[in-house]
*Asks:* 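Supplied in structure tokens, the structure appears directly below.
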Amino acid sequence: MTKNLVIVESPAKAKTIEGFLGKEYQVKSCFGHVMDLSKKDLGVDIDHGFVPRYIISPDKKKIVSELKKLAGEAEIVWLASDEDREGEAIAAHLMEALTIQESKSRRIVFHEITKPAILEAIEHPRGIDRDLVNAQQARRVLDRLVGFELSPLLWKKIKPALSAGRVQSVAVRLIVEREEEIRNFKSASSFRVVGTFIVKNGKQLVPVEAELTRRFTTQEEAVAFLEKCSEADFLVEEIETKPAKKSPAPPFTTSTLQQEASRKLGFSVANTMRIAQDLYESGKITYMRTDSLNLSNLAIGMAKQEITGLFGADYVKTRKYTTKSKGAQEAHEAIRPTYMNVRSIDGDKSHKRLYDLIWKRTIASQMADALLEKTTVTIGISTSQEKFIAKGELIRFDGFLKLYLESSDEEPNNGGEKILPPMKKNDPLEMEQVDAQQKYAQPPPRYTEAMLVKKLEELGIGRPSTYAPTISTIQRREYVVKEDRQGTIRNFLVFTLKDGNIIRQEKTEKIGSEKAKLFPTDIGILVNQFLLEHFQNIMDYNFTATVEEQFDEIAEGKLVWNAMIQEFYGPFHSRIVQTLEGTRKVSGEKLLGTDPTTGLNVFVKIGRYGPMVQMGEADMENKPRFAALKKGQSMESITLDEALELFKLPRVLGVLDQAEVTVATGRFGPYIRHQSHFYSLMRSDDPLTITMERAIEIITEKKKMDQEKIIREFKEEKELKILNGKYGPYISYNKLNFKIPKNKVAEELTFEECKKIMTESKPTKSSKSRKSK
DNA sequence: CAGTGAGCGAGCTTCCGCTTGACTT
């Protein structure tokens, strides 16, 4: 029996802390929140001050009862959840769920998992901060009200199983609006002029590139300028040399780690978090869900030592970074290696690469600035007022650049030097050639997952623990898709002045190809439009920031939490009722044209199962025909001809064993149907052109595969089979599945043994009844 | 995974933020 029970949120943290404290302390983890609003209903008593109905989360019952037992036996229970709104609520919920007496509980907090920080915390316990708990309560209730009133509205007005929320709906809005910007973008072109001049550097002749400060809008202007250049003299008019410095990026937070891992390693945010979790659990890095830039003094000291050892004392410059991001709660340290002197780790390639990135970033953040010398050379033209500018950059002292340079979304890494040969004012320059190249303005870039996280963080929307789940939610709801897109070819002009002649060339470039970018779907666009029209306040990019200010006031005791909720809920709920009663179902219906053979109208719209085309209208005699859009088609771009193609299915291929063989396209792609069995088509098979021969081939192949799945059948009961599944053999009976006990061999089971297993064990859930994730 | 789409209506879906394994047919 231990005298002291310490409860933290994460088990990895518990293990570390247990090592710092003596035998008198037992450290356990509660695995995050243990109580939450009931999911069965709203979970909030609207009519009586919005009192939340918190229950012990179903998946936390086991850990709660275990902790409750330990808490009962302990003399003092130390509640060491994180020092932020959510952490304070966790502590309060633990008091309630474990029924801990106030007198034997202590609330402690620390921001770093170091021995001195823990011991210091133990010295300074406090009580539960009720105001902070109320702030969490307000946050939780607001999110529940928004989510659980908006989502059902969407089910009624658009289609079932949709969702809306304070965070996800704004994330979708960003992607929809970016797509609109790109679509409406008018790509104007201009001519960028670059001159190449030859400069003598001792015996060597060095080419120097200089860009004209002005761009020409028309080719006539560009050519006229080149003509002027052909008879011009060029002169160095001015040389300016300025010192400059570059500073390292701060250490990683969740958001910046996701961004850099995406840019430098090509990881999705979910992948980055999965790997970071492994590194954390194996003790290699500190906690990976954080918005703090802070490093412990211990860590900074270790970094200093490491840098001195590797590069020398000149390369050290320790720094304390402070966060600028909105709503940061800073309960942890920045993400850093646990031990700075561990330069690399064992493990698979992606673990090594992510660790390497974290190590370099952290160490570099404590290194000296890079000292640069930037040179700007202005080149005059005897026949024109325009100027050429050549730029050079010399690294005088590399500092942190020796180790690490953050990459950017806009352009590939532009690190490194660009050295100019020595030049003097009034030096004449020999022109080798001048190019005027047509350049098109770029539309804003589509979001990658990581760019979206960056944007959300800037807006103060979402938390480190929710960035990755939010991105997966909006994809799971099919509001957005992550896709690669083929680019298109575009022509551009280049005029080159060389040896007194101007040559015109037409060249091509590939533009607009995308890799792993987020695109809005038809449903995403429709839902976004609907929410914007009726709930502008919630869709406002500042909504979260505004309510966060109020949560802060609640935390400071200046605002009563349920008064704040009341003020929000009144108008919000009225809007819900108004929209529910005052608007019709929206489908985004659009008339594409009429079918030339039947004369019926053809529409495209969103149905119960997503985007579809419809031929004809429903009336007393007629039923319209429907067909789902194919992958890659969209309501916005589909043409009448493409729509008519979709109605060519289902198609009868022929007759086999007295039954029709038909081909059609369903929820999961094209399929063949025969005797009420379904056979998926391969990617290479086109349902519009597939032949009867090929269909029979597919049918026989599938039947053979199914036959091989059967381990045993029984004469006594036809429905009872032993099958070989993805996870090994199992018993199947009337669509119920049963596990085979570990001590039995599937091939040798008798009919009686199978019946015994079925009566004695519960059927495992089949995928049909299981909730799809 | 399961192969649909008038309308009828029961019964289902849903939020954000803390944290990790469980366990699949």
*Asks:* Quick one: is A:Ser465 getting a side-chain N or O under 4.0 Å of the B:dC18 phosphate, OP1 or OP2?
*Replies:*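 Indeed, a polar side-chain atom of A:Ser465 lies that close.
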
*Asks:* Looking for any heavy atom pair under 4.0 Å, which part of the strands does A:Gly32 touch: base, sugar-phosphate only, or nothing?
*Replies:*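 Base, at least one base heavy atom under 4.0 Å.
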
*Asks:* If you only use heavy atoms from C-beta on, which nucleotide in B:dC18, B:dT20, B:dT13 is closest to the side chain of A:Asp84?
*Replies:*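 Among B:dC18, B:dT20, B:dT13, the one nearest the side chain of A:Asp84 is B:dC18.
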
*Asks:* Is any side-chain N of the basic residue among A:Lys648 and A:Glu645 closer than 4.0 Å to the acidic one's carboxylate O?
*Replies:*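 Yes.
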
*Asks:* Side-chain N or O of A:Tyr280 less than 4.0 angstrom from OP1 or OP2 on B:dT19?
*Replies:*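 So the side chain of A:Tyr280 is outside the cut-off, no N or O lying under 4.0 Å from OP1 or OP2 of B:dT19.
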
*Asks:* Counting neighbours of NZ on A:Lys157 that are heavy atoms of other residues, nucleotides or ligands and sit closer than 6.0 Å, is the number greater than 12?
*Replies:*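 Above 12, so yes.
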
*Asks:* Is there, by distance only and without an angle test, a donor paired with an acceptor across the side chain of A:Arg463 and the base of B:dC18 below 3.5 Å?
*Replies:*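 Checked by distance alone, the answer is no.
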
*Asks:* Would you say A:Arg166 places a side-chain N or O within less than 4.0 Å of OP1 or OP2 belonging to B:dT14?
*Replies:*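 Checking B:dT14 against A:Arg166, no side-chain N or O comes under 4.0 Å of OP1 or OP2.
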
*Asks:* According to the 5.5 Å centroid and 30° plane-angle thresholds, does A:Phe678 stack upon the nucleobase of B:dA2?
*Replies:*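 Given the distance and angle limits, no, they do not stack.
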
*Asks:* A quick test of your reading: do over 12 heavy atoms of other residues, nucleotides or ligands sit less than 6.0 Å from CD of A:Glu458?
*Replies:*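 Atom CD in A:Glu458 is crowded, with more than 12 foreign heavy atoms closer than 6.0 Å.
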
*Asks:* Assign each of A:Val146 and A:Asp82 to its nearest nucleotide of DNA chain B by heavy atoms, then name whichever residue's nucleotide is nearer the 5' end.
*Replies:*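 Nearest nucleotide further toward 5': that of A:Val146.
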
*Asks:* Output the rounded distance in Å from NZ (A:Lys630) to C1' (B:dG3).
*Replies:*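 One finds 17 Å between C1' of B:dG3 and NZ of A:Lys630, rounded.
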
*Asks:* Would you indicate what A:Ser680 reaches in the nucleic acid, counting non-hydrogen atoms under 4.0 angstrom: base, sugar-phosphate, or nothing?
*Replies:*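 Base contact.
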
*Asks:* Which part of the nucleic acid, if any, lies within contact of A:Ala628, taking any heavy atom under 4.0 Å across all strands shown: a base, the sugar-phosphate backbone alone, or nothing?
*Replies:*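 Result for A:Ala628 = base.
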
*Asks:* Please answer whether B:dT13 and A:Trp155 are stacked, defined here as ring centres separated by less than 5.5 Å and planes angled under 30°.
*Replies:*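 Per 5.5 Å and 30° rule: yes, stacked.
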
*Asks:* Starting from P on B:dC16, measure out to NZ on A:Lys39 and report it in whole angstrom.
*Replies:*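 A:Lys39 atom NZ is separated from B:dC16 atom P by 12 Å.
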
*Asks:* When all nucleic acid strands are considered with a 4.0 Å heavy-atom cut-off, which category describes A:Thr466: base, sugar-phosphate, or nothing?
*Replies:*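 It contacts base atoms.
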
*Asks:* May I ask you to verify if any side-chain N or O of A:Arg289 is less than 4.0 angstrom from the OP1 or OP2 atom of B:dT19?
*Replies:*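 Yes, within the criterion.
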
*Asks:* Mind checking A:Tyr287 for me? I need base, sugar-phosphate or nothing, with any heavy atom below 4.0 Å counting as a touch.
*Replies:*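 Sugar-phosphate, backbone atoms only, no base.
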
*Asks:* Only counting residues at least two apart or in another chain, list the ones meeting salt bridge (Lys or Arg N to Asp or Glu O under 4.0 Å) with A:Arg694.
*Replies:*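 Counting only residues at least two positions away or on another chain, A:Arg694 forms a salt bridge (Lys or Arg N to Asp or Glu O under 4.0 Å) with A:Asp685, A:Glu697.
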
*Asks:* Within the structure, does a side-chain N or O atom of A:Arg477 lie under 4.0 Å from either OP1 or OP2 of B:dC15?
*Replies:*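 For B:dC15, OP1 or OP2 has a side-chain N or O of A:Arg477 closer than 4.0 Å.
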
*Asks:* Check salt bridge (Lys or Arg N to Asp or Glu O under 4.0 Å) between A:Arg673 and all other residues, then give those that pass, not counting sequence neighbours.
*Replies:*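 A:Arg673 satisfies salt bridge (Lys or Arg N to Asp or Glu O under 4.0 Å) with no residue once adjacent residues are dropped.
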
*Asks:* If you count every heavy atom of other residues, nucleotides or ligands that lies below 6.0 Å from A:Gln536 atom CD, does the total exceed 12?
*Replies:*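 No, the 6.0 Å shell around CD holds no more than 12 heavy atoms from other groups.
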
*Asks:* What is the separation between atom CG on A:Leu154 and atom P on B:dC15, rounded to the nearest whole Å?
*Replies:*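 The distance from CG of A:Leu154 to P of B:dC15 comes to 11 Å, rounded to the nearest Å.
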
*Asks:* Looking for any heavy atom pair under 4.0 Å, which part of the strands does A:Gln136 touch: base, sugar-phosphate only, or nothing?
*Replies:*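 No contact at all - A:Gln136 keeps every heavy atom at 4.0 Å or more from the nucleic acid.
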
*Asks:* Does any N or O donor sit under 3.5 Å from an N or O acceptor when you compare the side chain of A:Arg140 with the base of B:dC15?
*Replies:*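 Between B:dC15 and A:Arg140, which were checked side chain against base, a qualifying N/O pair under 3.5 Å is present.
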
*Asks:* Think A:Arg139 has a side-chain N or O under 4.0 angstrom from the OP1 or OP2 of B:dC15?
*Replies:*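 The answer is no; no side-chain N or O of A:Arg139 sits under 4.0 Å from OP1 or OP2.
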
*Asks:* Answer yes or no: does a side-chain N or O of A:Ser151 lie under 4.0 Å from OP1 or OP2 of B:dC15?
*Replies:*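 The answer is no; no side-chain N or O of A:Ser151 sits under 4.0 Å from OP1 or OP2.
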
*Asks:* Between B:dA2 and B:dT25, how far apart are the two C1' atoms, rounded to whole Å?
*Replies:*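 Pairwise C1' distance, B:dA2 against B:dT25, rounds to 15 Å.
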
*Asks:* Whenever both distances are under 3.5 Å in a Watson-Crick or G-U wobble pair, mark it; put DNA chain B into dot-bracket that way, with [ ] for crossing pairs and | when the partner is on another strand.
*Replies:* .........................

*Asks:* With a cut-off of less than 4.0 Å, is there a side-chain N or O of A:Gln168 near OP1 or OP2 of B:dC16?
*Replies:*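 For B:dC16, OP1/OP2 do have a side-chain N/O of A:Gln168 under 4.0 Å.
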
*Asks:* Just to be sure I understand the rule, does A:Pro469 reach a base, reach only the sugar-phosphate, or reach nothing, if contact means heavy atoms closer than 4.0 Å?
*Replies:*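 Contact class for A:Pro469: none.
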
*Asks:* Tell me what A:Gly462 touches on the nucleic acid: a base, only sugar-phosphate, or nothing, going by heavy atoms under 4.0 Å.
*Replies:*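 Since only primed, P, OP1 and OP2 atoms lie under 4.0 Å of A:Gly462, the category is sugar-phosphate.
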
*Asks:* When all nucleic acid strands are considered with a 4.0 Å heavy-atom cut-off, which category describes A:Leu162: base, sugar-phosphate, or nothing?
*Replies:*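 A:Leu162: backbone/sugar contact only, no base atoms under 4.0 Å.
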
*Asks:* With the six-membered base ring of B:dT14 as reference, does the ring of A:Phe148 sit under 5.5 Å away with planes under 30° apart?
*Replies:*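 Yes, the aromatic ring of A:Phe148 stacks with the base.
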
*Asks:* Would you mind telling me which residue lines up with the more 5' stretch of DNA chain B, A:Ala161 or A:Gln277, judged by nearest nucleotide?
*Replies:*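 Residue closer to the 5' terminus by nearest nucleotide: A:Ala161.
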
*Asks:* Determine the sole option in A:His33, A:His93, A:Arg107 for which the side-chain hydrogen bond (donor to acceptor under 3.5 Å, both in side chains) test with A:Ser81 is passed.
*Replies:*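 That would be A:Arg107.
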
*Asks:* Does NZ in A:Lys605 sit with more than 12 non-hydrogen atoms of other residues, nucleotides or ligands closer than 6.0 Å?
*Replies:*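 It does: A:Lys605 NZ has more than 12 such atoms within range.
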
*Asks:* Aromatic ring centroids of A:Phe50 and A:Tyr569 under 6.0 Å?
*Replies:*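 They qualify: ring centres under 6.0 Å apart.
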
